[in-house]
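Report on the structure given below.
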Amino acid sequence: PKNHMGGTHWYHPHFHHATAAQAGGGAHGAIIVDDPPGYLPKFVEDMPEKLTFLSLVNVATMMRLEDWGNRKLGAVAWNQTLWKSSLYKNWKDGAGLKPYVAVNGQFRPKTTIKAGKWYRFR
């Protein structure tokens with residue numbers, strides 16, 4: 001809409017007692033709202049864009065939040081499933097799992113840029 005400012009924004013869920021676990025678990029992303037034509041200088045409009053969305057992934061904290069959220073919702077006995085994976089040997093409490101930063105949902109991704117060329121990172 002005309003009354004929405006152009007730019008790079010982000011979305012995430014708002015489910016009671018689970019927002020942090022959902023957003024921390026990857027239920028978030030970027031939304032690009034294009035600027036009106038002629039709003040930016042031409043050289044900026046013509047730059048190739050590179051989307052760069054950073055996320056802190058802290059599996060141990062997300063496991064604790066999921067546990068807390070499920071208990072707040074009244075679950076008496078439940079099985080933690082959001083983070084249950086063969087990738088995590090000790091998935092019950094998240095012990096030993098180190099936080100990391102994901103870029104566009106990936107761990108240590110690669111991108112190609114040319115020296116001396118301008119890019120618009122969003």
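These numbers come from a predicted model, not from an experiment.
The side chain to side chain contact (heavy atoms under 4.5 Å, CB included) search around Phe43 returns Pro41, Met47, not counting sequence neighbours. With sequence neighbours excluded, the residues satisfying side chain to side chain donor-acceptor pair (under 3.5 Å) with Thr8 are Arg122. Partners of Trp118 by ring pair (Phe, Tyr, Trp, His ring centres under 6.0 Å), not counting sequence neighbours: none found. Residues passing the salt bridge (charged side-chain N to carboxylate O under 4.0 Å, His left out) test with Asp46 are Lys42, sequence neighbours excluded. By the salt bridge (charged side-chain N to carboxylate O under 4.0 Å, His left out) test, Arg120 is found to be paired with Asp35, Glu49, residues two or more places apart in sequence or in another chain being considered. Residues meeting the side chain to side chain donor-acceptor pair (under 3.5 Å) test with His9, sequence neighbours left out: none. Not a single salt bridge (charged side-chain N to carboxylate O under 4.0 Å, His left out) links Glu45 to another residue, sequence neighbours left out. Remark: Lys114 engages no residue in a side chain to side chain donor-acceptor pair (under 3.5 Å) (not counting sequence neighbours). By the side chain to side chain contact (heavy atoms under 4.5 Å, CB included) test, Pro37 is found to be paired with no residue, residues two or more places apart in sequence or in another chain being considered.
Hydrophobic clustering (ILVMFWY, side-chain heavy atoms < 4.5 Å, transitive): Phe107 and Val57 are in one cluster. In this structure, Tyr39 is a member of the same hydrophobic cluster as Val44, with clusters built from ILVMFWY side-chain heavy atoms closer than 4.5 Å.
Applying the under-4.5 Å side-chain rule to Ile, Leu, Val, Met, Phe, Trp and Tyr, the cluster around Phe121 extends to Ile113, Tyr119. Chaining together hydrophobic side chains whose heavy atoms lie under 4.5 Å apart places Leu51 alongside Ile32.
For residues 103-112, the side chain to side chain donor-acceptor pair (under 3.5 Å) pairs, not counting sequence neighbours, are Lys50-Thr111.
The aromatic rings of Trp10 and Phe53 lie tilted to each other, with the angle between the two planes from 30° to 60°.
Looking at every heavy atom in both residues, Ala27 comes nearest to Pro13 through O-CD, 2.8 Å.
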